[in-house]
Every structure is written in structure tokens, then in C-alpha cells.
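In this text the structure is predicted, and so the values were computed from the model without any measurement.
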Amino acid sequence: MRSGIHEGFDRVVFEFSGDGRPSWRAEYVESAAELGRGNPIPMAGGVILQIGISGPSWLPEEAVQDQVTSGEYYERDTGAIFEEVYIQGPFEAHSQYLIGLPDEVPFSVGLLEDPTRLVVDLENRDE
């Protein structure tokens, strides 16, 4: 996972190893809960962009060197519009990525290949 600040948008990228293409659903939610348990996940910011992911294998044949840890907060204090990113999963072949934002902003989600990456662009309303 990585992020970047660009003119007009901030980008969060989730990179996957192995074969297969993930499917996803992205939406703003009022609150977030742990997969399987339902315990609340506290997030910085006023709104949460939740991205549900299905598809990529979580059990690669070889250990992944830079795999992110589930149940952790990432990308805090980057200067981007988002305040933090939380990753959880997999649970029954599903993972969730949460992006805490101060307000709802227009966003887009797309898939890039070689390597497989899910790209989330968030309008940063630069003035």
C-alpha cells in the first residue's frame, strides 16, 4: 500500500501479489465494523470511505516481504486529504480497506495490471 498527493487528487494504491483480479465495492459509510466480529473500528475524520475487496489470494506460495498487517492504521499525517487508512482481512475471502476523510469528496476506484493494483483517487479540492 502507498499513497501520493497530486494536483487535483490524492491517490491511495493497494498492490496485490499473485494471480487473479480483485473485485470491489466502494461507498461512504457512517461507521465501520470488524469483519466477522462486528466490533467498531474507530477512524479519524468525519466520514469513512469503505472499500470491500474480494478475490486476491491471501496465501501466497512464497512469503510476501512487504505485506501490510491486518488490523492496523497506515498513511497517517501524509499531508493528503485523507487522515488515515485502516486495513482488515481477510475474513472468509473478504478484506476491507477504510479511508478516513474530513468530508465526503468525489472519488474513483480503478484496477491497474502488471502488477495488480487497486487505485483510489480522491478529489483534494486544491485552491
Side-chain angles (χ1 to χ4, degrees):
M1 187 198 76
R2 59 189 176 275
S3 65
I5 300 171
H6 305 277
E7 186 174 333
F9 68 98
D10 294 343
R11 176 170 281 177
V12 180
V13 179
F14 303 99
E15 186 171 321
F16 302 95
S17 62
D19 297 329
R21 295 173 51 127
S23 61
W24 69 90
R25 177 184 170 114
E27 62 185 334
Y28 283 108
V29 295
E30 291 183 19
S31 61
E34 289 181 8
L35 296 172
R37 292 185 185 158
N39 295 330
I41 299 171
M43 291 292 296
V47 298
I48 302 167
L49 177 60
Q50 177 175 273
I51 304 164
I53 306 286
S54 299
S57 172
W58 197 261
L59 301 173
E61 292 179 17
E62 297 180 21
V64 177
Q65 297 300 317
D66 58 354
Q67 179 174 315
V68 295
T69 303
S70 176
E72 296 290 332
Y73 294 91
Y74 295 92
E75 301 294 308
R76 289 180 164 168
D77 303 320
T78 62
I81 189 170
F82 57 88
E83 298 187 22
E84 65 187 1
V85 177
Y86 183 87
I87 297 175
Q88 196 228 350
F91 177 78
E92 297 181 350
H94 299 285
S95 295
Q96 71 177 348
Y97 303 162
L98 306 171
I99 301 174
L101 296 149
D103 297 298
E104 286 189 17
V105 297
F107 70 90
S108 65
V109 181
L111 189 66
L112 301 175
E113 296 183 356
D114 288 326
T116 302
R117 299 168 318 273
L118 192 69
V119 176
V120 181
D121 288 337
L122 305 156
E123 183 179 294
N124 64 18
R125 299 181 185 167
D126 275 347
E127 299 187 28

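- The CG atom of L98 sits 7.5 Å away from atom OH of Y86, with the distance rounded to the nearest 0.5 Å.
- Hydrophobic clustering (ILVMFWY, side-chain heavy atoms < 4.5 Å, transitive): I41 and V29 are in one cluster.
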Query raised in the report: Going through the distances and angles, do V105 and N124 end up as a side-chain contact (heavy atoms from CB on, under 4.5 Å)?
Result: CA-CA 8 Å; V105 297; N124 64 18; over 6 Å; no
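- Looking only at side-chain heavy atoms (C-beta outward), D10 and S3 stay at 4.5 Å or farther from each other.
- Between F107 and Y28, the ring planes lie perpendicular to each other; the angle is over 60°, past the 30° to 60° tilted range.
- Listed here is the closest heavy atom pair of A32 and Q50: CB-OE1, 4.4 Å.
- Partner Q96 forms a side chain to side chain donor-acceptor pair (under 3.5 Å) with one of E34, Q88, R25 and no other, that one being Q88.
- Between Y97 and S95 the shortest heavy-atom distance is CE2-CB, 4.1 Å.
- Between E104 and V47, the shortest heavy-atom contact is N-CG2, 3.6 Å.
- Distance CD/E123 to OG/S108: 10.5 Å, rounded to 0.5 Å.
- Summarising the geometry of V13 relative to R117, their closest heavy-atom pair is CG1-CB, 3.9 Å, with the distance given to 0.1 Å.
- Shortest non-hydrogen contact noted between E15 and P115 is OE2-CG, 3.3 Å.
- Cluster membership check: V85 does not share its hydrophobic cluster with L35, using side-chain heavy-atom separations under 4.5 Å among Ile, Leu, Val, Met, Phe, Trp and Tyr.
- Once rounded to the nearest 0.5 Å, the distance linking CG of L118 with CE of M1 reads 12.5 Å.
- Atom CD1 of I51 and atom CD1 of I87 lie 10.0 Å apart (nearest 0.5 Å).
- Residues I53 and F14 form no side-chain contact, since every pair of their non-hydrogen atoms from C-beta on lies 4.5 Å or further apart.
- Under a hydrophobic clustering in which Ile, Leu, Val, Met, Phe, Trp and Tyr are joined whenever their side-chain heavy atoms come within less than 4.5 Å, directly or via other members, F9 and V119 fall into different clusters.
- Between S23 atom OG and H94 atom NE2 the span is 8.0 Å, to the nearest 0.5 Å.
- Here the shortest heavy-atom pairing between E30 and I48 reads O-CD1, 4.3 Å.
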